[in-house]
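Letters A, B, ... are given to chains in the order of the sequence lines, protein chains preceding strands, and every chain is numbered from 1. Values below: every heavy atom of this structure, side chains too, minus hydrogens, waters and symmetry copies.
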Amino acid sequence: MNSPATAADTRLDLLELVDWFARTARRLPWRSPGVTGWGVLVSETMLQQTPVNRVQPIWEEWMRRWPRPSDLAAEPQGEVLRAWGKLGYPRRALRLHDAAAEIAAEHDDVVPGDVDTLLALPGIGTYTARAVAAFAYGKRAPVVDTNVRRVVARAVHGAGDAGPPSPKRDLADVDALLPSDDATAAKLSAALMELGQVLCTVRSPRCEECPLAADCAWQHAGRPAYAGPPKKVQKFAGTDRQVRGKLLDVLRGADGPVSRERLDRAWSEAGQRDRCLDSLLVDGLVEQTADGRFALPGEH
DNA sequence: GAAGCGTGGAA
DNA sequence: TTTCCAAGCTT
């Protein structure tokens, strides 16, 4: 199934995009010179589904406390969950802790730069593996996140937004845009993401400022609205996700183990509360103590 | 392939 | 107020 336009025959001036990025890139701390592969991995993990401004202070603290994977690996899980704070999706913190231990034990305390090796680590998927390879090690590795998918959907395919993810096709689309040399490809990967974040946004794209506007397929098509299948918005209020968050927040705010009665106050409906507590235990985000109380893992 | 998994800010 | 969403991963 071919699209009318493919990435391979686009006329987009991608070197102009790289130049735009060099001129205007935000000065994010994990982009500073000297940041290690570990620093980049921590940033990419925190940034999965969490906005930059919330990640920034936590990332700074983590780098201060745990400058190497082995430093994090030496901490109990509960301490890592506390330091994760309210970034959300705390399973990310546990997986990063596990990944740190594996990197320390099997990779000489250095984050690997090879995509397949990265993919074998817990919590590192298609996006993160390539982001680390490109941003930390300057490699040519197609980096596909929600922003890049939108930029490609518009600039290459002329659509209002990306449809549902199609990993193989998405990867091939971006791969076709990257030049052969590692350094330029890595810069272009960062530039494509930045473009989607700051100009080619979902709601009010600033096409006047866009370095790709001249040959953008979406522009040429008259900027048609998104025509794909409706996107699903996930509910939050009243879901298990909310309840789990409340339970975990009680434990993060406590000095040590807490009683079941204390957790009971976090949510009124007993059935859902118990189910959520069970799932937290299964996920390893909560542990039960010998005397029947509850605590963050490793903190009793 | 779809569903589940946190959180808080902006429109 | 409600809705939408922000650099995904795992099952």
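Phosphate contact (OP1/OP2 of dT7(B), side-chain N/O of R252(A), threshold under 4.0 Å): present. Phosphate contact (OP1/OP2 of dC5(B), side-chain N/O of R92(A), threshold under 4.0 Å): absent. Side-chain nitrogen and oxygen atoms of K86(A) include at least one within less than 4.0 Å of the OP1 or OP2 phosphate oxygen of dG8(B). Within the 4.0 Å cut-off from OP1 or OP2 of dA3(B), at least one side-chain nitrogen or oxygen of K232(A) is found.
Place N147(A) and R203(A) on DNA chain C by their nearest nucleotides, and R203(A) ends up nearer the 5' end. Closest-nucleotide positions on DNA chain C for L121(A) and T146(A) were compared, and the one nearer the 5' end corresponds to T146(A).
Look at CZ on R95(A): it is 11 Å from C1' on dG4(B), rounded to the nearest Å. Rounded to whole Å, the distance from CG on L248(A) to P on dG6(B) is 8 Å. Following rounding to the nearest Å, D240(A) (CG) and dG4(B) (P) show an atom-to-atom distance of 9 Å. In this structure, R241(A) atom CZ and dT7(B) atom C1' are separated by 9 Å, rounded to whole Å. Between L94(A) atom CG and dC5(B) atom C1' there is a gap of 13 Å when expressed in whole angstrom units. Protein atom CG of L81(A) is 17 Å distant from nucleotide atom P of dC5(B), rounded to whole Å. In this entry the distance linking CD of Q234(A) with C1' of dG1(B) reads 16 Å, nearest Å. Atom NZ in K246(A) sits roughly 17 Å away from atom C1' in dC5(B) (whole-Å rounding).
Between L280(A) and L247(A), the closest side-chain pair of non-hydrogen atoms falls below 4.5 Å. Residues D181(A) and T184(A) have side chains in contact (heavy-atom distance under 4.5 Å, counting atoms from C-beta outward). Here the side chains of L263(A) and F294(A) are in contact, with some heavy-atom distance below 4.5 Å. Looking at R82(A) and E299(A), their side chains come closer than 4.5 Å, going by heavy atoms from C-beta outward. Contact check for L277(A) versus D274(A): no side-chain heavy atoms found under the 4.5 Å cut-off.
For DNA chain B, the neighbouring residues in residues 25-64 of chain A, judged by any heavy atom under 4.0 Å, are Q49(A), T50(A), R54(A). Against DNA chain B, the stretch residues 185-196 of chain A makes no heavy-atom approach under 4.0 Å.
Under a 4.5 Å side-chain heavy-atom cut-off, the cluster of Ile, Leu, Val, Met, Phe, Trp and Tyr residues that includes V233(A) has no other member.
Here, dC5(B) and dA7(C) have their P atoms 22 Å apart, quoted to the whole Å. Spacing between dT11(C) and dG6(B) at atom P, rounded to whole Å, works out to 14 Å.
For the side-chain contact (heavy atoms from CB on, under 4.5 Å) test, residues two or more places apart in sequence or in another chain that qualify with V110(A) are Y137(A). Scanning for side chain to side chain donor-acceptor pair (under 3.5 Å) contacts around R91(A) gives an empty result, with sequence neighbours left out.
Checked by atom type, the side-chain pair S268(A)/R273(A) shows no donor-acceptor distance below 3.5 Å. Side chains of H157(A) and D173(A): a donor on one and an acceptor on the other come within 3.5 Å. Q197(A) and R26(A) share a donor-acceptor pair across their side chains, judged by distance under 3.5 Å alone. A donor atom on one side chain and an acceptor atom on the other are found under 3.5 Å apart for S279(A) and R244(A).
Residue contacts shown for T239(A) are absent, as no nucleic acid heavy atom lies under 4.0 Å away. Within 4.0 Å (heavy atoms only), G125(A) reaches sugar-phosphate atoms of the nucleic acid but no base atom. L87(A) comes within 4.0 angstrom of a nucleotide base, judged by non-hydrogen atoms across all strands. Nucleic acid contact for Q197(A): base, since at least one base atom lies under 4.0 Å from a heavy atom of the residue. Among the atoms of the strands shown, none is found under 4.0 Å from any heavy atom of P164(A).
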_side-chain contact (heavy atoms from CB on, under 4.5 Å) assessment of Q234(A) paired with R241(A)_ = CA-CA 11 Å; Q234(A) 51 179 3; R241(A) 243 165 47 256; 3.7 Å; yes
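Counting 5' to 3', DNA chain C first comes under 4.0 angstrom of a heavy atom of chain A and last does so at the ends given by dC4(C) to dT10(C).
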